Amino acid sequence: MSGQHDARYNPQAIEPKWQAAWDDGDCFAARRDPARPKYYVLEMFPYPSGRIHMGHVRNYTMGDVVARYKKAQGFSVLHPMGWDAFGMPAENAAMQQGGHPAEWTYNNIAVMKGQMKPLGLSIDWSREFATCDVEYYGQQQAMFLDMLEAGLVYRKNAVVNWDPVDMTVLANEQVIDGKGWRSGAEVERRELTQWFFRISDYSEELLEAIDGLEHWPEKVRLMQKNWIGRSRGLQFAFSTVDAPEGFERLEVYTTRPDTLLGASFAAISPDHPLAKQLERHDPEVAAFVAECRRIGTTEEALEKAEKKGFDTGIRVRHPFDNAWELPVYIANFILMDYGTGAVFGCPAHDQRDLDFANRYGLPHPDVFLALDDSSPVSDTAFVPPKSEKVRYVRGFAGDTVQTGDEAVEAAIAFCESKGVGEGVTKYRLRDWGLSRQRYWGCPIPVVHCDSCGVVPEKKENLPLELPRDVSFDKPGNPLDRHPTWRNCTCPRCGAAALRETDTMDTFVDSSWYYARFTAPRAETPTVAEDAEYWMNVDQYIGGIEHAILHLLYSRFFARAMHKTGHLPAKAIEPFDALFTQGMVTHEIYQTRDARGRPVYHLPEEVEDGKLRSTGEAVQVIPSAKMSKSKKNVVDPVNIIESFGADTARWFVMSDSPPERDVEWTSAGAEATFKHLARVWALSERIADLDTEAPDPHDDELMRAMHRAIDDVTRTIDGFAFNKAIAKLYEFTNILSRTKASATAQKQAARVLAQLMAPMTPHLAEEIWARQGGEGLVTQAPWPKADPAMLVSDTVVLPIQINGKRKAEITVAADLPKEEVEKVALAEDAVIKALAGASPRKVIVVPGRIVNVVV
RNA sequence: GCCCGAGUGGCGGAACGGUAGACGCAGGGGAUUCAAAAUCCUCCGCCCUAACGGGUGUGCGAGUUCGAAUCUCGCCUCGGGCACCA
């Protein structure tokens, strides 16, 4: 017998011991091993907010279960971790509390890593990096230059939220009810020249390739398809009447050319060149456009705003009737970024157009009617699915009765034949604006020269490092007002020049970190052999909130990296399989400050609906995604300290299916701890038994064991970790009650340790060691279920009468259908229900059910 | 507003179109204990019944099917995303 043992389950002793053993064995270092298949599992890396929360624990435990399971199955596993470390919170902290964003960030990383380490994750920490490491963003700058050269980056004007008091650009989340979050000033929309990635050049390719992402959730694929938003429509030009010089034609794009004869007005975006032209000379237009610009920059704000227009007095001629003139409005709901920034309105078949027409007293002639209902449109637009047949009363192409889709195609063909515009395919996807007017990001490595214009920095001058000597006590971007950093020489002509002061969107940082993990210390962004071996990510795991932007940008960036020689062709879709975990939610506690603005409080600051500090009552807002800004986060450190990492890990995996949201409750943690303590005690008891000869009960236990192996293997493969845990409960219950021999029990206990190891690796090692397992369970091969032990001779079949369960029979598993039917018809309940008559129908589903229809 | 999801006991959740509620939590009863904690056994959707048993039941309303939590259509409620939060 081994030496000292605790009298009870003691994770505080067990967990550090095994973590040290894994470190000693260098168990989690990823190595290129040509002899073994590789497996790359990646969880979306965290923003270093300074504390881990339950969402992190859930995310990383899922990845760890996969990593440990795949390792046991013989794969060479890469399971890295890093930090998405640039971004606004660091600057906000510097503004609020002083200090430097770098200091704040690296300090947070140290704290969070300290909180993550006790979780016992099988991470190769030797590959760790932060995106704010100059070694990382310097390589990003090199790639930016390559992409610039390859024509993947360009500059154009774009609209931002401008805070006129703080003299700064605001993020959408910093705009609250149209006002700056800090200054309270009315936010303006302002145009700046900014850098863009040409992601829209890849619209079609990114859309087409979605069909190949077989192991992505269908809903994410659908969301991305809708986001890219391919549409087929007609682009044509109205000729204008009384328009300023240079605006003789007004280009519009419509996806419903079949409704052209139902047009009642034309509308242009407030950002349309024509609107800008009118704004210059007409104060009324200027006032209206200014009002529109106060709405904000988000699509949501535009869509929710009351639909308003301004009649410019300009008219356009209908392309099919020169005498028919339509008024041209500037309308607040037209997006300049989509189509041509100008549309015609057909109120009868678009609710937004109808609301607009009713507001301004414009007609709304019906173009088509339902086949079974001829009532004209009044307050509700008639907008049937395009696949539905309708009767055209103002159609001009194709049959009178046809589907919308047919009519659209017919209308395009007709218009093209008459020389009125052409059919075009457009995408909703816009180019990716990467400029940020902030300090704490990757500097864009270009120089502005008076004579040469915009010039890329030379690669040998990289990395272009952020200056450390900055302060945040004044409004605006510290890079703009830095005394020396901006000053440089033009890489082309050598004259004095100024650096670009915009930094990159943090989505750029997170669009290639997965590739960097394959060669994290390289002097180039990637290394061909490493990328070749490790890419693609076999399993990517992260929050559903990243379903569109991060994942779409990464898909684009991988293509851009391939084009510039930084990734092999096979890596243009970097994530083979995607799993989107549900979020961990929690209630939100809110009070308001003197100016009525919301102030949020951490759960630990609240007790019985009141602030601990002041006793002020808090407003409880129903559960929502845990977020730093709402402060509804729970600190897992406390759970780990009182119950151990295995309890935290087991609990977050057991409580709900991984793809669904889970509301954090502390109640379950204690119950999990009790269960793990029971398993530990069970193992101790079994370990103390003396080996004995086989017993008749052994077969039953072995069957249960093989059943458990099979169940846990299949459920982990299917990402159904909560079900895997339910099966482990069942097997544990059987093992604790078995009358099998000690030899069989010990074997079962070793298998239990192996099956638990992905979820509760420390306890598993402890059991494995106590039951005489060889080496570390972390390095043991995954057990295999014996198919012969999974089948049973008899089967219980429910008997239904008219679909309702009335009885049950036990028959041999291989009993023929006809025999099963005979047995079923001999059941008392069936005889009673038939009352002498013969059944109308008997359905026998072998091994499943018998249904007697009377 | 637009796009995408999710709704099953007191709670978290199981259920290839085939016995709804596996497994866990909470709760009731019991054993052990001087007593409690811990542990173990046991019951546990709802309604009627002393019990046997019967009825009913997966957000709401229709439909398809021998059979629907599961498929179809229409609603309701909650959540995510909406391009400068990460």
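Please read all numbers here as calculations on a predicted model, not as lab measurements. Below, chains carry the letters A, B, ... as their sequence lines are ordered, and counting in each starts from 1.
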Residue pair A/Asp646 / A/Tyr9, side-chain heavy-atom distance below 4.5 Å: yes
So what's [N] paired with, Watson-Crick or G-U wobble, going by both distances under 3.5 Å?
| N | value |
| --- | --- |
| B/U56 | B/G45 |
| B/A26 | none |
| B/C16 | none |
| B/G1 | B/C82 |
| B/U70 | none |
| B/U65 | none |
| B/G7 | B/C76 |

Taking the side chain of [X] as heavy atoms from C-beta outward, which of [options] is closest to it?
| X | options | value |
| --- | --- | --- |
| A/Lys219 | B/C3, B/U19, B/G5 | B/G5 |
| A/Leu549 | B/A83, B/C84, B/G18 | B/A83 |
| A/Asp84 | B/A86, B/U19, B/U39 | B/A86 |
| A/Asn226 | B/C85, B/C3, B/A86 | B/C3 |
| A/Asp655 | B/G12, B/C25, B/C4 | B/G12 |
| A/Glu299 | B/A22, B/C82, B/G81 | B/C82 |
| A/Arg805 | B/U19, B/A83, B/C85 | B/U19 |
| A/Tyr729 | B/A86, B/C84, B/G24 | B/G24 |
| A/Lys674 | B/U39, B/A83, B/A15 | B/U39 |
| A/Lys723 | B/G55, B/A14, B/A83 | B/A14 |

Heavy atoms only, 4.0 Å cut-off, all strands: where does [X] land among base, sugar-phosphate and nothing?
| X | answer |
| --- | --- |
| A/Trp227 | base |
| A/Leu552 | nothing |
| A/Pro657 | sugar-phosphate |
| A/Thr506 | sugar-phosphate |
| A/Met223 | base |
| A/Gln174 | nothing |
| A/Lys727 | nothing |
| A/Arg352 | nothing |
| A/Arg221 | nothing |
| A/Phe333 | nothing |
| A/Ser435 | base |
| A/Val852 | nothing |
| A/Asp337 | nothing |
| A/Lys307 | nothing |

Donor-acceptor pair present, A/Gln194 side chain and B/C84 base, under 3.5 Å: yes
base_contact_polar (B/C84 base, A/Glu173 side chain, donor-acceptor, <3.5 Å): no
Contact pattern, 5' to 3', of nucleotides 61-75 of chain B - B, S or - by protein heavy atom under 4.0 Å: -----BS--------
Using atom [atom1] of each nucleotide, how far apart are [N] and [M] to the nearest Å?
| N | M | atom1 | value |
| --- | --- | --- | --- |
| B/G13 | B/G79 | P | 16 Å |
| B/U42 | B/C47 | C1' | 24 Å |
| B/C40 | B/C23 | P | 16 Å |
| B/U72 | B/G17 | C1' | 14 Å |
| B/U70 | B/G21 | C1' | 15 Å |
| B/G10 | B/C82 | P | 37 Å |
| B/C2 | B/G55 | C1' | 46 Å |
| B/A6 | B/U39 | C1' | 39 Å |

Aromatic plane relationship, A/Phe356 with A/Phe333 - under 30° parallel, 30 to 60° tilted, over 60° perpendicular: perpendicular
Parallel, tilted or perpendicular: ring planes of A/Tyr202 versus A/Phe556, cut at 30 and 60 degrees: perpendicular
Nearest atoms (heavy-atom pairs only) where A/Glu500 meets A/Ile444: CB-O, 3.7 Å
Taking only N and O in the side chain of [X], is any of them less than 4.0 Å away from OP1 or OP2 of [N]?
| X | N | answer |
| --- | --- | --- |
| A/Lys832 | B/G54 | no |
| A/Asn722 | B/A14 | yes |
| A/Asn733 | B/G24 | yes |
| A/Arg737 | B/C41 | yes |
| A/Arg660 | B/G7 | yes |

Would a distance-only check, ignoring hydrogens and angles, find a side-chain to backbone donor-acceptor pair under 3.5 Å from [X] to [Y]?
| X | Y | value |
| --- | --- | --- |
| A/Thr131 | A/Ala85 | yes |
| A/Thr503 | A/Arg438 | yes |
| A/Asp431 | A/Ser200 | yes |

Test log, rule side chain to side chain donor-acceptor pair (under 3.5 Å), inputs A/Glu43 and A/Asn59: CA-CA 7 Å; A/Glu43 300 99 63; A/Asn59 188 203; 5.9 Å; no
Whole angstrom value for the distance that separates C1' of B/C11 from CG of A/Asp661: 17 Å
Chi-based syn or anti call at B/G9, which uses purine or pyrimidine torsion atoms and a 90° bound: syn
Under the side chain to side chain contact (heavy atoms under 4.5 Å, CB included) test, residues paired with A/Leu192 that sit two or more places apart: A/Val160, A/Val169, A/Gln194, A/Gln437
Pair A/Arg182 + A/Asp163: basic N to acidic O under 4.0 Å: no
Sidechain N-carboxylate O distance under 4.0 Å for A/Asp355, A/Arg359: no
Passing option when A/Ile541 is tested against A/Gln581, A/Arg58, A/Met44 for side-chain contact (heavy atoms from CB on, under 4.5 Å): A/Gln581
A/Arg678 vs A/Leu170, nearer the 5' end of RNA chain B by closest nucleotide: A/Arg678
Contact nearer the 5' end of RNA chain B, comparing A/Val169 with A/Glu730: A/Glu730
